[in-house]
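Here's the structure we're looking at; comments come further down.
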Amino acid sequence: MSSEGFGSGAVARECRRRRTFAIISHPDAGKSTMTEALALHARMISEAGAVHGKGGRRSTVSDWMEMEKARGISVSSTALQFAYDGEHSGDEPNVINLVDTPGHADFSEDTYRVLTAVDAAVMLIDAAKGLEPQTLKLFQVCRHRGIPVITVINKWDRPGQTPLELIDEITERIGLIPTPLFVPVGIAGDFRGLLDRRTGKFIKFSRTAGGAKVAPEEIVDAATAAETQGDAWIAAVEESELLGELGQDHDQEMFLAGQTSPMIFTSAMLNFGVRQLLEALVEFAPAPAGRTGIDGAERTVTDPFSAVVFKVQAGMDTSHRDRLAFMRIVSGQFERGMVVTHAQTGKPFATKYAQAVFGRDRSTVDTAYPGDVVGLVNAMALAPGDTLYIDPKVQYPPIPSFAPEHFSALRVTTADKYKQFRRAIDQLDAEGVVQVLRNDLRGDASPVLAAVGPMQFEVVTARMKAEFNVDTILEPLGYALARRTDEDSAADLSRQRGVEVFTRSDGVLLALFSDKWRLQFIEKEFPDLTLAALVAATD
Ligand code: G4P
């Protein structure tokens, strides 16, 4: 790549102070509460309760679809940016980008795509429940993408497991070795503070009314802690020593390699341990780095502007009927209004309407740097995985589509609406809402939708109705898994019971199987057939 251009010193400086991460968790582990607590610590809000509006508080959570309101969920993923001036910050405050993953019980490809936009993840675990299914799935995606993970054991103010039980569970079930930076003082349910394993000191927390304010901290030396905290302190010291003997101390290289995970104990509700999480992010999470294009050329962060679209969302604002594309900046400085090139079409794209979006709040973005997430309004031509750049050309590898596990045929039920139906399918397909599969046998009237999570189907039918005024019905198909195949194998596969072959809209041939036993049987009987596993979140 070319030598550093004008202003690259500023870009390098902005990069160094940025951290872009997502919180991965099972619903109810406390992601919303933690998001709010982080914003509170960054002094972005003055009182907890302002961001997520639980329990009748002001809500800024997206309500872009009726479906979300009905279910009390947020399907949209957006980014919250805040400045944080902490112990480990340099001359200037850090800039933290928290990219929001949908917090509902179901999965969609969107959730996974969001993780392509971050440099680190915080795995938030409920102290009483330990590892839960959604956390596991998301963790696998992080592992697959090589995203380093910081582990947070939340709700320590409530009864739960012991630190060692939780550490064992994480080590045994996912092979990630936790390296606690702190050990809690007081068992789960009696959260007094943290033993800082590096300084040996006690960080004593005090409650504030309703957990609405940053919890005051007092740093206490070990001798005083032993006197005032008694057995709780002794237990924490013993645990810390045991971890040291086991070699479970932070190691930056192993963390970045995805082998170990710094661990923190928090109560997002009481704002305990939240500052420590921010400090860990600043100290250990990697700053934005360059990426390699499909031609193998490396684009460094100080090279000219480039970005990857990781999510496209329509109808976030029903009064405007807009379509937003969220891009993560990879290199260079973004200035609103600059004209960039869309790598997939070679066409120019004007960035006059650039926004930061978090929940219902939108603000215009004038300047942004690598690691930042910017929403582009009315980005009709952009799809997830697309690249935008300023010369010289770069195109980043596409975002992998994840292995679908749910398959339904979609049929239009409103008479005379077939044209709109086709247009809608094409648009939702281009946006990456679902994967669309077709074969000659079924024809075009009833395409098969393939999804990672069934909620993707609901989004399709709801948007068909709301945006295109088309009523549709879904007929679940009796298939449970898909494999990639080729022309040569397709004919043989089509003759088998419990198998059907389709062409996905990107041209990939997919064979669907009724169950894993059917697949195993066919693999055994016909070992020469091409049956490649797709990228699966559960690999
Ligand atoms: P989510 O976004 O991951 O789904 O979780 P959310 O923050 O909504 O938290 C789920 C529930 O857990 C909420 O209770 C929240 O108050 C509670 N919670 C979150 N963090 C902590 C914590 O550190 N300690 C304790 N004790 N509770 C915590 P809720 O009853 O569903 O809602 P609310 O009415 O209390 O807000």
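Quick note: residue numbers are just sequence positions, from 1.
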Next on the checklist: Between Asp249 and Arg198, does any side-chain N to carboxylate O distance fall below 4.0 Å?
Outcome noted: no

For a quick test of your reading: what N or O donor-acceptor pairs under 3.5 Å do the side chains of residues 172-185 make, sequence neighbours left out?
| residue | atom | partner | partner atom | Å |
| --- | --- | --- | --- | --- |
| Arg173 | NH1 | Glu169 | OE2 | 2.8 |
| Thr179 | OG1 | Ser261 | O | 3.3 |

Checklist entry - Between Ile150 and Phe255, does a side-chain contact (heavy atoms from CB on, under 4.5 Å) hold up when you go through it step by step? => result CA-CA 9 Å; Ile150 294 175; Phe255 161 60; 4.0 Å; yes

Checklist entry - Any idea which heavy atoms bring Leu474 and Ser408 closest together, and the distance? => result CD2-CB, 3.7 Å

Checklist entry - Considering residues at least two apart in sequence or located in another chain, which fulfil the ring pair (Phe, Tyr, Trp, His ring centres under 6.0 Å) criterion with Tyr479? => result none

Item to check | side-chain contact (heavy atoms from CB on, under 4.5 Å) assessment of Val434 paired with Val459 | outcome: CA-CA 9 Å; Val434 277; Val459 172; over 6 Å; no

Checklist entry - Is there any side-chain hydrogen bond (donor to acceptor under 3.5 Å, both in side chains) pair reaching into residues 184-195, and which pairs are they, with sequence neighbours excluded? => result Asp190-Arg192, Arg192-Gln229

Checklist entry - Taking only residues two or more places apart in sequence or in another chain, which ones pass ring pair (Phe, Tyr, Trp, His ring centres under 6.0 Å) with Phe334? => result Phe305

Checklist entry - Heavy-atom distance under 4.5 Å between the side chains of Thr266 and Trp156, does that happen here? => result no

Checklist entry - Going through the checks in order, is the side-chain contact (heavy atoms from CB on, under 4.5 Å) test met by Asn271 and Lys213? => result CA-CA 8 Å; Asn271 295 305; Lys213 302 267 190 222; 5.8 Å; no

Checklist entry - What pair of heavy atoms forms the shortest contact from Val312 to Pro384, and how long is it? => result CG2-CD, 3.8 Å

Checklist entry - Would you call the rings of Phe205 and Phe191 parallel, tilted or perpendicular if under 30° counts as parallel and over 60° as perpendicular? => result perpendicular

Item to check | Partners meeting ring pair (Phe, Tyr, Trp, His ring centres under 6.0 Å) with Tyr396 (sequence neighbours left out) | outcome: none

Checklist entry - Looking only at heavy atoms, what is the nearest atom pair of Cys142 and Ile24, with distance? => result SG-CD1, 3.9 Å

Checklist outcome for this item: Looking only at heavy atoms, the pair that brings His406 and Val452 closest together is CD2-O, 3.2 Å

Next on the checklist: With a sphere of 6.0 Å drawn around CG of Asp366, does it hold more than 12 non-hydrogen atoms of other residues, nucleotides or ligands?
Outcome noted: yes

Item to check | Residue pairs, two or more places apart or on separate chains, that pass salt bridge (charged side-chain N to carboxylate O under 4.0 Å, His left out) and touch residues 156-166 | outcome: none

Next on the checklist: Ring centroids only, cut at 6.0 angstrom: are Phe202 and Trp233 within range, meaning strictly under it?
Outcome noted: yes

Item to check | Lys/Arg N to Asp/Glu carboxylate O, Asp119 vs Arg328, below 4.0 Å | outcome: yes

Item to check | Verdict with supporting geometry, Glu87 and Glu279, side-chain contact (heavy atoms from CB on, under 4.5 Å) | outcome: CA-CA 7 Å; Glu87 224 175 279; Glu279 289 296 336; 3.3 Å; yes

